[in-house]
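Each residue takes its place number in the sequence, starting with 1. Each ligand, and each atom within it, is numbered from 1 in the order the structure gives. As a basis for the values below, the full set of heavy atoms in this structure was taken, side chains included, without hydrogen atoms, waters or symmetry mates.
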Amino acid sequence: MAVRIGGLALKNPVMTASGTFGYAREFESLVDLNRLGAIIVKGLALKPVKGNPPPRIVETACGMLNAIGLENVGIEAFETDKMPFLRTLQPPIIANIYGTMIEEYAALAERIDAIEGVAAIEVNISCPNVKAGGVVFGVDPFAAERVVKAVREKTRKTLIVKLSPNVTDVTVIARSAEAAGADALSLINTITGMAIDIEARRPRLANITGGLSGPAIKPVALRMVWQVARTARVPVIGIGGIMRPDDAIEFFIAGAMAVQIGTANFVNPRTTLDVIAGIERYLERHGIKDIADLVGTLETG
Ligand SMILES: Cc1cc2nc3c(=O)[nH]c(=O)nc-3n(C[C@H](O)[C@H](O)[C@H](O)COP(=O)(O)O)c2cc1C
């Protein structure tokens, strides 16, 4: 079950997805945290962010829409309040970061590079680029390349770039991120959507639009992971709608070296552990000794 992602050695390929597992302590009484492959914390910014006004979450058919607005404690409080607990855990800790300008991403990377106990940085490039007038880094290959380069210059920790699905061709952005120095690519983030209250004729989310996650997005995520894994030279981490072991196994066959579990944590906080156990059973049943032998084995001929 052990896999390598850049400089990270994981005892199994199952991680928690950013924003769905808090800073891990929230799940301490529910999940044996030391059994996880890695823990990815809520997206961090330079300063604390309160996020959007409620309602920020709406349940949809086979999924949910969220417009949390990247609420987080900020890098300072992360280091002083959250890291002491996180350092006591065995799995590698991955800091997810976002900014509104390239300089912000670079400053965050520099700060995190100096934090002992953070093994890797996952860069969320699906946020508005204020300086470029509302363009999103993750949908523009040149902006993506610039932001990843800026982060790469500031850190020697493993660098994972998290890709947005809200693009025409995800492989173009993947190539830019890889060229700029990403050690791994994770995908997908949420798909932009909306829901309307037909009696009030108002959006159900105060932010009007939000990000769709959960089982509804799995087929899209699987397709994008397959497309990226075919061309990327760095490891790909699959995310999107994983609820059961079989969902994760589909991602491995499509080419993912590891997976992240998000929305499922809200339904059953122990999903990660159930998925780990189910993958083990599958490998045993098929006589596969190393999970790497399953990765990218999709037969299309
Ligand atoms: C409530 C919520 C908050 C999220 N916050 C973040 C975040 O801070 N940074 C990030 O990169 N992704 C964030 N995501 C996206 C998830 O990490 C994941 O990419 C997405 O939900 C798809 O996986 P899933 O279907 O397993 O949930 C968030 C998702 C949800 C549902």
Side-chain angles (χ1 to χ4, degrees), residues 14-24 26-27 38-45 48-52 54-75 78 82 94-100 105 108 120-128 136-138 147 151 160-166 170 177 184-193 205 207 210-222 224-225 236-245 247-248 250-251 256 258-269 271-272 274-275:
V14 179
M15 321 178 188
T16 58
S18 178
T20 65
F21 210 70
Y23 302 93
E26 297 87 334
F27 283 76
I39 293 170
I40 307 187
V41 299
K42 173 69 186 161
L44 297 161
V49 174
K50 274 179 73 179
N52 292 324
R56 310 198 291 184
I57 284 182
V58 176
E59 192 164 344
T60 61
C62 300
M64 64 183 264
L65 281 166
N66 91 81
I68 304 296
L70 295 159
E71 174 179 345
N72 79 103
V73 298
I75 191 68
F78 173 70
K82 310 294 181 186
I94 302 175
N96 178 288
I97 63 165
Y98 78 94
T100 50
Y105 279 99
L108 270 164
I121 298 177
E122 180 179 58
V123 186
N124 177 2
I125 54 169
S126 324
C127 310
V136 174
F137 293 110
V147 77
V151 170
I160 302 167
V161 177
K162 184 163 176 178
L163 304 178
S164 168
N166 304 309
V170 70
L185 303 168
S186 60
L187 66 152
I188 60 175
N189 210 315
T190 55
I191 301 175
T192 307
L205 289 169
N207 190 54
L212 183 64
S213 63
I217 70 169
K218 197 191 86 181
V220 178
L222 203 55
M224 289 190 164
V225 163
V236 171
I237 304 167
I239 325 164
I242 298 175
M243 305 292 284
R244 287 180 296 270
D247 299 322
E250 280 190 73
F251 277 98
V259 293
Q260 294 178 19
I261 295 178
T263 301
N265 293 309
F266 299 135
V267 182
N268 170 11
T271 305
T272 42
D274 295 347
V275 168

- [ ] Report yes if the side chains of Ile94 and Val41 come closer than 4.5 Å at any heavy-atom pair, otherwise no.
- [x] no
Task: Student check: side-chain heavy atoms of Asn72 and Tyr98 closer than 4.5 Å - done: yes
TODO: Name all residues meeting the ring-ring contact (aromatic ring centres under 6.0 Å, His included) criterion together with Tyr23; count only those two or more places apart in sequence or in a different chain, and write none if there are none.
DONE: none
TODO: Might you confirm whether atom CD of Glu59 has over 12 heavy atoms from other residues, nucleotides or ligands at distances under 6.0 Å?
DONE: no
- [ ] Quick one: closest heavy-atom pair of Leu185 and Ala177, and the distance?
- [x] CD2-CB, 3.8 Å
Task: Set of residues that line ligand 1, where lining means a heavy atom lies under 4.0 Å from it - done: Ala17, Ser18, Gly19, Thr20, Lys42, Gly43, Met64, Asn66, Ile68, Leu70, Asn96, Asn124, Lys162, Ile188, Asn189, Thr190, Ser213, Gly214, Ile217, Ile239, Gly240, Gly241, Gly262, Thr263
Task: Pair Ser186-Glu122, side-chain donor/acceptor within less than 3.5 Å - done: yes
